[in-house]
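Here the structure is a predicted model, which is why all the values come from computation and not from measurement.
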Amino acid sequence: MKNYDVIVVGAGFAGATIANLLAKANKKVLIIEKRAQIGGNMYDYKDENGVLVHKYGPHIFHTNYKEVFDYLSSFVPFTKYEHRVLGNIDGTLVPVPFNFTSLEKCFDKERADYLKNKLLALYPNQTRVSILDLMNSDDEDVREFGLFVYEKVFVYYTAKQWGIHPDKVDKSVINRVPVVLGYDDLYFADTYQYMPVEGFTKIFEAMLNHENIDIRLHTSARDVLKFKDDKIFFENEEFNNILVFTGALDELFDYAFGALPYRSLRLVFEKYDVTYYQPNSVVNYLTSEDFTRISEFKYLSNQDIKGKTTILKEYSLKYDKDNKESDPYYPIQNEENIALYDKYHNLAKQYPNMYLCGRLAEYKYYNMDMVIKKAFEVANNIINKDK
């Protein structure tokens, strides 16, 4: 076996960022990745229509961290992209988050004007207010409006997303869901909202194109890594250097305490002989359909392709570890599941040369900028450890 300073499991943003930074610090790095390609869930490619599609669902880059944007844009060119989402409410398309345009589309003019004026009077100097605040208002009209938004925008969509009955949706979890007090229709408020001109895969190719990095695809961590007597073995040889793990921790330890629950997705791609299928990149189906949303990729990549387009319908479902077609997407973070994860985390702590990073390894939902920022921290810890 070649003598590697670091073995990184996973070639998504967590693993690729750490590998890149360590390679630049003159560490010899081996990446093992169980999929056929690098890029993790960010992997994209051009389909038969010539459309740049995201194989594992749409991803939009946005961040307030200048260091993250500067880092990624050092590898490939980016172009400005401001994400807007429409929601289908009983057949009417309205901006999401719900704003004054949405309000005007859902109510007659007299009622809409009345509600807008009341909201502005009750929440002066605020640009957003949470649905929960509206539902708890002392004003009856505002409470009714909050309940309308809660039922039409949040309940059914959340029930589909998390696989629960609408009656079981906990109102306390909607505190982060805003109503915009104005006509701002941007989905994100971050300072840096851009997309890579040639797609995300090109970023990973540039990041991992380094003489100190070797990559093995089609390689499962469980097949090459073993843990015994507080020691790590790689391909049956004791490995005393650094291991960075970005995959599912319960899978790595053979589900010793049981499987961690996740929500997964069934992704259905459809191709059409039209220039555009819908009026913008994403339409959320808030009150109808079994799928949660439809994404049309040409908007994300700003491709000028006449008479051809590709869309993606997303169906949320329970993750099944025994189904090879099922991927873990969203950790279900409740008290019971976090306690189960802590058992695996404590097991990992027995190996001081093992570092965890990423959504699966930490059982947290990360936006891509947050996982990159965390990867900076992990890489710096490893580099500084040797100083």
Side-chain angles (χ1 to χ4, degrees), residues 10-13 33-49 51-60 83 85-89 96 153-166 168-169 173 187 199-201 218 220 247-248 250-251 255 259-272 277-278 280-301 309-334 337 358-360 363-368:
F13 262 134
E33 166 59 54
K34 67 179 180 180
R35 287 175 172 166
Q37 68 280 323
I38 59 175
N41 287 351
M42 311 300 303
Y43 175 72
D44 51 21
Y45 65 97
K46 287 187 177 179
D47 69 359
E48 295 172 355
N49 281 343
V51 176
L52 185 65
V53 301
H54 300 186
K55 183 174 181 177
Y56 301 100
H59 294 88
I60 294 95
H83 191 50
V85 174
L86 294 177
N88 186 313
I89 299 179
V96 175
V153 176
F154 185 80
V155 173
Y156 182 62
Y157 188 85
T158 301
K160 285 192 292 184
Q161 182 73 23
W162 294 101
I164 57 178
H165 191 277
K168 301 297 183 182
V169 175
V173 305
Y187 194 74
F200 287 100
T201 300
H218 301 287
S220 171
D250 56 345
E251 180 182 352
Y255 305 101
L260 286 164
Y262 291 88
R263 293 299 289 173
S264 186
L265 295 172
R266 180 166 67 90
L267 304 174
V268 179
F269 292 85
E270 297 177 358
K271 301 179 181 67
Y272 290 92
Y277 180 87
Q278 60 189 24
N280 73 325
S281 58
V282 175
V283 175
N284 291 351
Y285 283 76
L286 303 173
T287 59
S288 64
E289 309 300 338
D290 291 333
F291 50 82
T292 55
R293 62 181 178 177
I294 294 178
S295 300
E296 187 165 6
F297 292 103
K298 282 166 54 175
Y299 288 101
L300 302 181
S301 55
T309 196
T310 303
I311 68 166
L312 171 64
K313 294 178 180 177
E314 295 180 43
Y315 296 82
S316 181
L317 69 161
K318 183 179 180 181
Y319 169 63
D320 180 2
K321 69 179 179 62
D322 297 318
N323 181 355
K324 292 183 179 180
E325 301 301 316
S326 182
D327 288 311
Y329 278 86
Y330 304 107
I332 303 173
Q333 287 193 306
N334 58 35
N337 296 343
R359 175 174 48 89
L360 299 180
Y363 202 66
K364 294 179 181 178
Y365 184 77
Y366 279 116
N367 285 328
M368 71 179 87

As an exercise, state the distance from [atom1] of [X] to [atom2] of [Y], rounded to the nearest 0.5 Å.
X: Phe13; Y: Met368; atom1: CZ; atom2: CE; result: 6.0 Å
X: Ser220; Y: Lys34; atom1: OG; atom2: NZ; result: 6.5 Å
X: Leu317; Y: Asp290; atom1: CG; atom2: CG; result: 12.0 Å
X: Leu267; Y: Glu314; atom1: CG; atom2: CD; result: 6.0 Å
X: Leu360; Y: Tyr329; atom1: CG; atom2: OH; result: 11.0 Å
X: Tyr319; Y: Leu265; atom1: OH; atom2: CG; result: 13.0 Å

How close do [X] and [Y] get, counting heavy atoms only, and between which atoms?
X: Leu312; Y: Pro58; answer: CD2-CD, 3.9 Å
X: His59; Y: Asn41; answer: CE1-O, 2.8 Å
X: Val96; Y: Tyr187; answer: O-CD1, 3.3 Å
X: Gln37; Y: Tyr43; answer: CG-CD1, 3.3 Å
X: Asn367; Y: Tyr365; answer: OD1-CE2, 3.6 Å

Main-chain N/O of [Y] paired with [X] side-chain donor or acceptor, under 3.5 Å:
X: Gln278; Y: Ile294; result: yes
X: Gln161; Y: Ser316; result: no
X: Asp47; Y: Asn49; result: yes
X: Lys160; Y: Thr287; result: no
X: Asp44; Y: Gly199; result: no

Asn334 CG: over 12 foreign heavy atoms closer than 6.0 Å: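 More than 12 heavy atoms, drawn from other residues, nucleotides or ligands, come within 6.0 Å of this atom.
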With a 6.0 Å cut-off (strictly less than), is the heavy-atom count around NZ of Lys313, excluding the residue itself, greater than 12?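 Enclosed: over 12 neighbouring heavy atoms sit under 6.0 Å from NZ of Lys313.
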Name the orientation class of the two ring planes belonging to Phe200 and His54 (parallel below 30°, tilted from 30 to 60°, perpendicular beyond 60°).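 Phe200 and His54: perpendicular rings.
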Name the orientation class of the two ring planes belonging to Tyr272 and Tyr277 (parallel below 30°, tilted from 30 to 60°, perpendicular beyond 60°).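 Taking Tyr277 first and then Tyr272, their aromatic rings sit tilted (interplane angle of 30° to 60°).
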So do [Y] and [X] actually touch side chain to side chain, heavy atoms under 4.5 Å?
X: Thr292; Y: Tyr157; value: yes
X: Tyr45; Y: Val53; value: yes
X: Ile38; Y: Glu33; value: no
X: Tyr363; Y: Pro261; value: yes
X: Pro331; Y: Leu260; value: no

Show the numbers, then the answer: is there a side chain to side chain contact (heavy atoms under 4.5 Å, CB included) between Tyr285 and Tyr156? CA-CA 9 Å; Tyr285 283 76; Tyr156 182 62; over 6 Å; no
Can you tell me which residue pairs pass the salt bridge (charged side-chain N to carboxylate O under 4.0 Å, His left out) test with a partner in residues 316-333, sequence neighbours excluded?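 Applying salt bridge (charged side-chain N to carboxylate O under 4.0 Å, His left out) to every pair that reaches into residues 316-333, excluding sequence neighbours, yields Arg35-Asp327.
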For the residue pair Arg263 and Tyr330, would you count it as a cation-pi contact if the rule is NZ or CZ under 6.0 angstrom from the ring centre and within 45 degrees of the ring axis?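 Judged by the rule (NZ or CZ under 6.0 Å from the ring centre, within 45° of its axis), Arg263 is not positioned above Tyr330.
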